Trainee: 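Here's a structure for you.
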Amino acid sequence: MHAFEFLDKPPATITPFCVMHGEESLLRELVQKQLIQRAVGDDTSGVIALEGSNAAWRDVRDDLATQSLFGAGQPLVIVNHADDFVSANRGELEQLLEQPVGKGILLLAVKSWPGNTRLAKGVAKTGLVVACRPPERKAGRRNVVDEAALAKWLVRRAREAHRLTIGLEGMQRVMALAGSNLTLLDQELAKLALFVKEGESPNDELIQQIVGGWREETTWELIDAACLGNTSEALGLLDRLLQ
């Protein structure tokens, strides 16, 4: 399930085993907030957030099985940056998937979630997996950002989060200047909202002035990196421009 789908129509009940993967911090934040609301409502006394680098499997399992002393909320254990945690405890997680602990809910936040592992296949059948990355479409043999779907979602996000009225054409102009990073785009929309009255739309001149020429700046950065011999940085900037 993509984050857009989850945020638009979240499931009525949350499964005991959940995964959100991808590096879009805005989507991770929104998905996590919605998941907590669906899982425990306003009683967040049982919500425990752990860092994957410091999380021990024994503690995670105990937290899942322990009812909060300060409320009736069910345990919800969130393991952030959990890639290494998953690698180190794959067998235990597979067992937990088959035999959940009490009424606890586990949420793993990872960058990568290959779908060909036994654990991933199991979670796909009985758990919840949410992709926190820009929407994609097929372009030949590769996947590219689906800019049309992204612009449509951002138009709605601008209205609901920033009270900014902007059409698809204006949003596409913002994306042309700022790229496809959702967190950065959201920040640009927040800035634009400060310069227009509620209900009014920013014109092209204001968008150019506030958002700025990201692609032009990146092109110069690319040239500078290439001239200095910073091959890795130059190729990274080139890939970002092509995307």
Side-chain angles (χ1 to χ4, degrees), residues 1-36 38-40 47-66 74-146 149 180-183 236 239 243:
M1 178 184 294
H2 189 268
F4 287 1
E5 182 184 355
F6 176 82
L7 294 170
D8 188 42
K9 294 181 179 180
T13 57
I14 301 299
T15 62
F17 203 121
C18 305
V19 175
M20 58 180 187
H21 63 95
E23 299 189 32
E24 278 291 352
S25 57
L26 174 64
L27 291 181
R28 291 203 308 267
E29 178 184 343
L30 294 175
V31 167
Q32 181 171 308
K33 183 178 180 181
Q34 182 69 265
L35 192 147
I36 291 174
R38 287 285 174 175
V40 301
V47 177
I48 300 172
L50 304 172
E51 277 296 315
S53 58
N54 300 322
W57 169 249
R58 181 179 60 185
D59 296 334
V60 170
R61 194 180 190 286
D62 288 348
D63 288 337
L64 287 169
T66 304
Q74 67 185 117
L76 170 57
V77 180
I78 303 168
V79 183
N80 292 303
H81 307 104
D83 295 79
D84 291 341
F85 176 82
V86 171
S87 297
N89 301 282
R90 191 173 297 276
E92 290 82 354
L93 290 168
E94 291 173 355
Q95 184 178 356
L96 177 68
L97 183 62
E98 296 176 359
Q99 299 177 341
V101 178
K103 295 182 179 180
I105 296 174
L106 175 65
L107 170 60
L108 300 175
V110 295
K111 289 183 178 180
S112 177
W113 187 251
N116 59 352
T117 66
R118 179 182 174 185
L119 178 61
K121 291 177 180 178
V123 178
K125 291 180 180 179
T126 62
L128 174 66
V129 182
V130 183
C132 297
R133 60 171 183 258
E136 296 179 339
R137 62 177 177 82
K138 283 288 185 181
R141 295 184 178 181
R142 65 192 187 102
N143 292 331
V144 298
V145 175
D146 188 340
S180 59
N181 182 285
L182 274 169
T183 302
D239 180 67
Q243 288 288 339

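Bear in mind the structure is a predicted one, so any value in this text is a computation, not a measurement. Throughout, residue positions are numbered sequentially from 1 according to the sequence presented.
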Trainee: Look at atom CZ of R137 and say whether more than 12 heavy atoms of other residues, nucleotides or ligands are closer to it than 6.0 Å.
Mentor: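 Yes, because the 6.0 Å sphere around CZ of R137 holds more than 12 heavy atoms from other groups.
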Trainee: In chain order, what residues pass the salt bridge (Lys or Arg N to Asp or Glu O under 4.0 Å) check against E5, with sequence neighbours excluded?
Mentor: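 For E5 there are no salt bridge (Lys or Arg N to Asp or Glu O under 4.0 Å) partners, ignoring immediate neighbours.
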Trainee: Crowded around D84 CG? As in, over 12 foreign heavy atoms under 6.0 Å?
Mentor: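 At most 12 heavy atoms, drawn from other residues, nucleotides or ligands, come within 6.0 Å of this atom.
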Trainee: Evaluate L107 against M20 for side chain to side chain contact (heavy atoms under 4.5 Å, CB included), listing each step before the verdict.
Mentor: CA-CA 7 Å; L107 170 60; M20 58 180 187; 4.1 Å; yes
Trainee: How would you list, by chain and number, every residue that makes a ring pair (Phe, Tyr, Trp, His ring centres under 6.0 Å) with F4, sequence neighbours excluded?
Mentor: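 Once residues adjacent in sequence are excluded, the partners of F4 under the ring pair (Phe, Tyr, Trp, His ring centres under 6.0 Å) criterion are H2, W153.
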Trainee: Should V86 and V19 count as side-chain neighbours, where that means a heavy-atom distance under 4.5 Å?
Mentor: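 No; the side chains remain at least 4.5 Å from each other.
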Trainee: Any side-chain heavy-atom pair from N89 and V60 closer than 4.5 angstrom?
Mentor: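 No, side chains not in contact.
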Trainee: E136 versus V145: any side-chain heavy-atom pair under 4.5 Å?
Mentor: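 Answer no - side chains too far apart.
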Trainee: Contact between H21 and V129 at the side-chain level, heavy atoms closer than 4.5 Å - yes or no?
Mentor: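 Yes, their side chains come closer than 4.5 Å.
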Trainee: Grab the two heavy atoms, one from G104 and one from P16, that are nearest each other, plus how far apart they are.
Mentor: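 Answer, listing the atom of G104 first, then P16: O-CB, 3.8 Å.
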Trainee: So do L96 and R61 actually touch side chain to side chain, heavy atoms under 4.5 Å?
Mentor: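 Result no, sub-4.5 Å side-chain heavy-atom pair not found.
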Trainee: Can you name the closest pair of heavy atoms from L97 and G122 and give their distance?
Mentor: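 Closest pair (atom of L97, atom of G122, distance): CD2-C, 3.3 Å.
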Trainee: What residue pairs, at least two apart or across chains, pass salt bridge (charged side-chain N to carboxylate O under 4.0 Å, His left out) with a residue in residues 15-33?
Mentor: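 As it turns out, there is no salt bridge (charged side-chain N to carboxylate O under 4.0 Å, His left out) pair with a partner in residues 15-33 once direct neighbours are skipped.
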Trainee: Would you give the length of the straight line joining atom CG of L64 to atom CG of L106, rounded to the nearest 0.5 angstrom?
Mentor: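 So the gap between those two atoms works out to 5.5 Å.
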Trainee: What is the distance from atom CD of E92 to atom CZ of F85, rounded to the nearest 0.5 Å?
Mentor: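 Atom-to-atom, E92:CD and F85:CZ are 8.5 Å apart.
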Trainee: Could you state the interatomic distance from OG1 (T117) to CZ (R90), rounded to the nearest 0.5 Å?
Mentor: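 The distance works out to 5.0 Å.
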Trainee: Which heavy atom of V31 sits nearest to which heavy atom of F6, and what is that distance?
Mentor: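 Heavy atoms of V31 and F6 come nearest at O-CE2, 3.7 Å.
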Trainee: Taking everything shown except Q95 itself, do over 12 heavy atoms lie less than 6.0 Å from its CD?
Mentor: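 Atom CD in Q95 is not packed in, count stays at 12 or less.
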Trainee: Side chain to side chain contact (heavy atoms under 4.5 Å, CB included), that's the test. Do L108 and V123 meet it? Break it down for me.
Mentor: CA-CA 11 Å; L108 300 175; V123 178; over 6 Å; no
Trainee: Once rounded to the nearest 0.5 Å, what's the spacing between atom SG of C132 and atom CH2 of W113?
Mentor: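 The distance works out to 13.0 Å.
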Trainee: At their closest point, which heavy atom of A39 faces which heavy atom of L76, and how far apart are they?
Mentor: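 Looking at all heavy atoms of both residues, the closest pair is CB-CD2, 4.4 Å.
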Trainee: Any chance you could measure S53, atom OG, to N80, atom CG, to the nearest 0.5 Å?
Mentor: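 Result: 10.0 Å between the selected atoms.
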Trainee: Kindly check if the number of other-residue, nucleotide or ligand heavy atoms within 6.0 Å of CZ (R38) is above 12?
Mentor: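 Counting other residues, nucleotides and ligands, CZ of R38 exceeds 12 neighbours.
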Trainee: Check whether any side-chain N or O of D146 sits under 3.5 Å from a backbone N or O of P135 as a donor-acceptor pair, and report yes or no.
Mentor: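 Judged by distance alone, no pair lies under 3.5 Å.
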Trainee: Output the distance between atom CD1 (I36) and atom CD1 (I78), rounded to the nearest 0.5 Å.
Mentor: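 Nearest 0.5 Å value for the CD1-CD1 distance: 4.0 Å.
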Trainee: Can you see which heavy atom on D63 is nearest to which on V77, and at what distance?
Mentor: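 D63 and V77 have their closest heavy atoms at CB-CG2, 3.6 Å.
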Trainee: Could you report the tightest heavy-atom contact between S112 and D83, atom names first, then the distance?
Mentor: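 For S112 and D83, the tightest heavy-atom pair comes out as N-OD2, 3.2 Å.
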